[in-house]
Structures are given as C-alpha cells and as structure tokens.
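Each remark here refers to the structure printed beneath this line.
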Amino acid sequence: MIIHELETNFQSKIDGEIKIEPKDWMPEAYRKTNIRQISQHAHSEIVGMLPEGNWVTRAPSLKRKAILLAKVQDEAGHGLYLYAAAETLGMSRDEMINDLHSGKAKYSSIFNYPTLTWADMGAIGWLVDGAAILNQVMLCRTSYGPYARANVKICKEESFHQRQGFESLLVLSRGTPEQKAMCQDAINRWWWPSLMMFGPTDSESTNNDQSMKWKIKRKTNDELRQQFVDMIAAQIKVLGMQLPDDKLIWNEDKKQHDFGAINWDEFWNVVKGNGPCNKQRLNARKKAHQEGKWVRDAAIAYANKKKIQPSPSVELMAS
Ligand code: BYC
C-alpha cells in the first residue's frame, strides 16, 4: 500500500473509534507524539513521588502515614504501566530515563514546587490529583490502546488519592485556628500551579490540533482547565475555604466560572527548568538511579543465569 492509503486507513480507524495497537501501521509523527506524551506522563508519576515522599517520615499519625505510603507506591505503579505502554512504541526504558536525567524530556511543572507543611499533602491529593484525574479520565479514551488501558488502571487509584486529599483538608478546615490557616495557606500556594498543569492556553498549545485530530487528546487544555475550575469552585464551599482568585465568579450566561489570569511567565520559567525545586527533583532522581545500579545489575545477572527476561519493574524497584 502506498503511504497515502495507509494514512487514510489509519485516520478512518481513529474516526471509527478503533484503537491503534502496537503492531498496527501508524504515521511516524503519531508514534513520536505518543512516546513524548506517555513518557512525560510516566516521568511525572515518578518525579511526583518526591514532594510527597518528603512527608512520609513526618505524617501526623500512623493512619496518615499508611495512607501516604500507599499513595506514593501507587504513583510508582502508574509510572510502571506508563513506561511499559511507551516501550510498545519502540523506545527503551533506558533511553526514556536518560532523557529525563539529561533534562531533554519534560515532566509536569507542578512537581517543581516545594511541600512546606502537612496541609500540602491534602492540597496535592485534592488539587493535583484532582487535575490529573480529569485529564486521565479523558485519556482512558485516547486512541492508542496500551495508553488508554494504562489510564483505566491509573484512574481507579487516582480517585482514591483525590478523596483522601480532600478528607485530610476537611479535618484541618474543622480544626484549630492554626490548622485552618495552614489549610488555607496550602490552597493559596497550590491553586495557580494546579491550573497550569493543563498546559498552555489553546492558542499557545503546539500539539493540541494534531493530537485532537488523532484523538490522543479528546479535550483541549482550556476545556479541561475550565472543567477543573468549576469542579473545585463547588467543592471548596464544603471546606469553607477560599480560592486565591478575586476574579472567580459564576457566569450565568456561560454556565461556568470566569477566573483570573494565569501567570504564564511563571509556567514557562518552571517548564524551562528554573522553578523552585527543578534541580533538587532531578538530582534526587539521578542519585536514586545511581544508587540502585547494583539492584539492576543483580537482576540482570540472575536473569542471565536462569535465561529469563528481567522484570520490567526492576528499573523502578532499583530507584
Ligand atoms: N508541565 O502543546 P501542548 C500525577 C509542555 S502526574 C510541563 O499543549 P500537549 C501525580 C508540553 O509538553 C500527572 N510541560 O502539549 C503524580 C509541550 O512541550 P513539548 C501528569 C508542559 O502534550 C504524583 C508544550 O508545553 N499527567 O497525576 O498536547 C503525585 C506545549 O503544550 C505542561 C500527564 O502527564 C506542564 N504542565 O498537552 C500526584 C498527563 N503542559 O512536549 C499526582 C498526560 C504542557 O512539545 N499529558 N507542557 O516539548 C497530557 O495530557 C498532555 O501532555 C498535556 C499537555 C495536557 C499535559
């Protein structure tokens, strides 16, 4: 078949809601854009373990510690599903990890902010996982089969993450004046970075149009961001807290909230590597990778001895 016919067949599969599978023909740009997005997503999951890992030893009770540990372990699992999905497109795990460590590959801007108080664990669960889940519910219907199926598993866990975050903040919001203030302060610091998670506004997004045509994305960055604002504006009333935006107001004509301007200079600054914790996060990843080398070596030696393939989870177990 000539390339034009292959492309037409490919697009009609997408239009007909048939999933693209690893051995199917696909345009090179579709393969590349999926590798880019899925590996960025995987990197976000494992870098995302770091700000929360920071609080495991300081959780205020055994119950909170057990919940936090379970959540951080879930994020490692999400990373595994996603690296495995990206590998089906022909890029090795080693290459992906190298791109993360060299700064070539991106990961979500949100994980370059510090976690200053215990309330940040609640705010991350509620706002960050809340933003992530909206995006990932959409990605359960993405056109590349292995990525769609990975997101189905991820969403099941992510909804627990969001609920535990909200419940944790609810306790603080009903606590002492100091706990209430800590809760409000965490919301103030995480609100705007959470809105930035959805990516640049549609007019500035380089990948939106093509990714929508290929149904890699089913909603645009701005559509998902609006959905998030409307969801959180309703939920914050239960907490009795405020969102740090005096322009946030219900628009009866549009049946959605209007909200204030996002600081895109801050967003791009963080994406380019100059956020408050970018260097710290990458250094922590590189250190874990180096210190886990002996585990990977041992697993490979064992696999050679037994003539079996090392488990794909060895990489993450080792870091
Ligand atoms: N941060 O053309 P656009 C989690 C980049 S983790 C950094 O709109 P696209 C969790 C973008 O890559 C959840 N960079 O891009 C874990 C592009 O640059 P390149 C993470 C960003 O891909 C632990 C450029 O800006 N979720 O849940 O069409 C604890 C132009 O953007 C960001 C995912 O990764 C950003 N926020 O749309 C707790 C979801 N936004 O690559 C929680 C999967 C944009 O062309 N990813 N950029 O050089 C996606 O759905 C899409 O990639 C995005 C961006 C909506 C994020």
Side-chain angles (χ1 to χ4, degrees), residues 36-37 40-41 43-45 47-48 50-52 54 103 105-117 119-136 138 162 165-166 169 181-209 211 217 219-237 239 241-251 254 256-282:
R36 175 186 66 79
Q37 180 169 324
Q40 282 178 5
H41 193 165
H43 299 327
S44 304
E45 298 283 355
V47 176
L50 298 169
E52 292 181 291
N54 186 32
K106 294 187 170 72
Y107 59 88
S108 184
S109 49
I110 192 79
F111 302 116
N112 293 307
Y113 291 85
T115 44
L116 302 179
T117 70
D120 289 21
M121 296 303 95
I124 289 183
W126 178 45
L127 296 175
V128 176
D129 288 80
I133 200 171
L134 285 184
N135 174 283
Q136 287 158 177
M138 163 191 86
Q162 199 202 5
F166 185 79
L169 287 188
M182 190 166 75
C183 179
Q184 183 61 60
D185 172 62
I187 294 169
N188 291 349
R189 284 182 291 103
W190 289 94
W191 173 244
W192 292 104
S194 298
L195 291 187
M196 295 173 196
M197 282 177 76
F198 296 95
T201 195
D202 291 352
S203 56
E204 301 292 320
S205 162
T206 37
N207 302 290
N208 248 350
D209 290 349
S211 288
K217 285 162 100 166
K219 290 184 182 176
T220 69
N221 300 357
D222 285 335
E223 283 169 347
L224 281 174
R225 188 166 17 246
Q226 182 68 52
Q227 205 181 327
F228 178 70
V229 171
D230 293 335
M231 178 178 87
I232 297 297
Q235 292 177 355
I236 196 152
K237 291 182 186 149
L239 289 180
M241 295 280 139
Q242 303 289 321
L243 289 172
D245 180 358
D246 55 15
K247 303 240 165 30
L248 183 83
I249 187 162
W250 176 251
N251 183 325
K254 292 189 188 159
Q256 63 188 34
H257 289 84
D258 293 334
F259 55 96
I262 293 172
N263 182 346
W264 291 114
D265 289 343
E266 175 183 325
F267 170 75
W268 289 115
N269 196 40
V270 174
V271 171
K272 285 180 187 145
N274 305 317
C277 300
N278 294 59
K279 289 184 184 62
Q280 190 183 329
R281 300 291 182 240
L282 267 191

Of all heavy-atom pairs linking P276 and Y113, the shortest is CG-CD2, 4.1 Å
Closest heavy-atom pair, D245 versus G260, reported as atoms and distance to 0.1 Å, is OD2-N, 2.8 Å
dist L134:CG -> D230:CG (nearest 0.5 Å) comes out at 10.5 Å
Next on the checklist: Tell me whether the count of non-hydrogen atoms from other residues, nucleotides or ligands lying under 6.0 Å of CG in L116 goes above 12.
Outcome noted: yes
| said: Does atom CD (Q256) have a neighbourhood of more than 12 heavy atoms from anything else shown, all under 6.0 Å? | reply: yes
Check your understanding: Checking side-chain contact (heavy atoms from CB on, under 4.5 Å) for the pair I110/M196: CA distance, chi angles, key distance, verdict?
Key -> CA-CA 8 Å; I110 192 79; M196 295 173 196; over 6 Å; no
Any sub-3.5 Å donor-acceptor pair from S108's side-chain atoms to S44's backbone N or O?
-> no
Ignoring hydrogens and geometry, is there a side-chain-to-backbone donor-acceptor pair from T201 to E204 under 3.5 Å? no
Looking only at heavy atoms, the pair that brings K217 and S205 closest together is NZ-OG, 4.2 Å
- Query: Can T117 and D120 be counted as having a side-chain donor-acceptor contact under 3.5 angstrom?
  - Reply: yes
Interatomic distance, CG@N263 vs CH2@W268, rounded to 0.5 Å, equals 13.0 Å
- Item | Ring centers of F228, W191 separated by less than 6.0 Å | yes
Output for pair (L282 CG, C277 SG), nearest 0.5 Å, gives 11.5 Å
When rounded to the nearest 0.5 Å, the distance separating CD1 of I124 from CD of E52 is 5.0 Å
Has N278 got a side-chain atom pairing as donor or acceptor with V270's backbone, closer than 3.5 angstrom?
yes
Can you check whether D222's main-chain N or O pairs, donor with acceptor, with D202's side chain at less than 3.5 Å? yes
Here the pair of heavy atoms bringing M197 nearest to A131 is SD-CB, 3.8 Å
### Message
Under a 3.5 Å cutoff, is there a donor and acceptor pairing between the side chains of K219 and Q227?
### Response
yes
field: Over 12 foreign heavy atoms within 6.0 Å of CG, N274
entry: yes
Please check: side-chain N/O of Q184 versus main-chain N/O of Q242, any donor-acceptor pairing under 3.5 Å?
yes
key: Step-by-step side-chain contact (heavy atoms from CB on, under 4.5 Å) determination, Q235 to F166   = CA-CA 9 Å; Q235 292 177 355; F166 185 79; 4.2 Å; yes
Original post:
Heavy-atom distance under 4.5 Å between the side chains of I262 and R225, does that happen here?
Top reply: yes
Nearest heavy-atom approach of V229 to H257 is CG1-CB, 3.9 Å
ask   = I187 versus I236: any side-chain heavy-atom pair under 4.5 Å?
value = yes
Are E266 and W192 close enough that some pair of their side-chain heavy atoms sits under 4.5 Å apart? no
Has Q162 got a side-chain atom pairing as donor or acceptor with W126's backbone, closer than 3.5 angstrom? yes
Of all heavy-atom pairs linking L169 and A119, the shortest is CD2-O, 3.6 Å
Original post:
Heavy-atom distance under 4.5 Å between the side chains of F111 and L50, does that happen here?
Top reply: no
To the nearest 0.5 Å, atom CG of L127 lies from atom CG of L243 at 7.5 Å
Short question: side chain of N251, backbone of D258 - any donor-acceptor pair under 3.5 Å?
no
Exercise. Step by step, would you call N207 with Q37 a side-chain contact (heavy atoms from CB on, under 4.5 Å)?
Worked result: CA-CA 10 Å; N207 302 290; Q37 180 169 324; over 6 Å; no
Discussion item. Could you check whether any side-chain heavy atom of Q226 comes within less than 4.5 Å of a side-chain heavy atom of F259, counting everything from C-beta outward?
Written reply: yes
task: Could you tell me whether the side chain of T115 and the main chain of P51 form a donor-acceptor pair under 3.5 Å?
output: yes
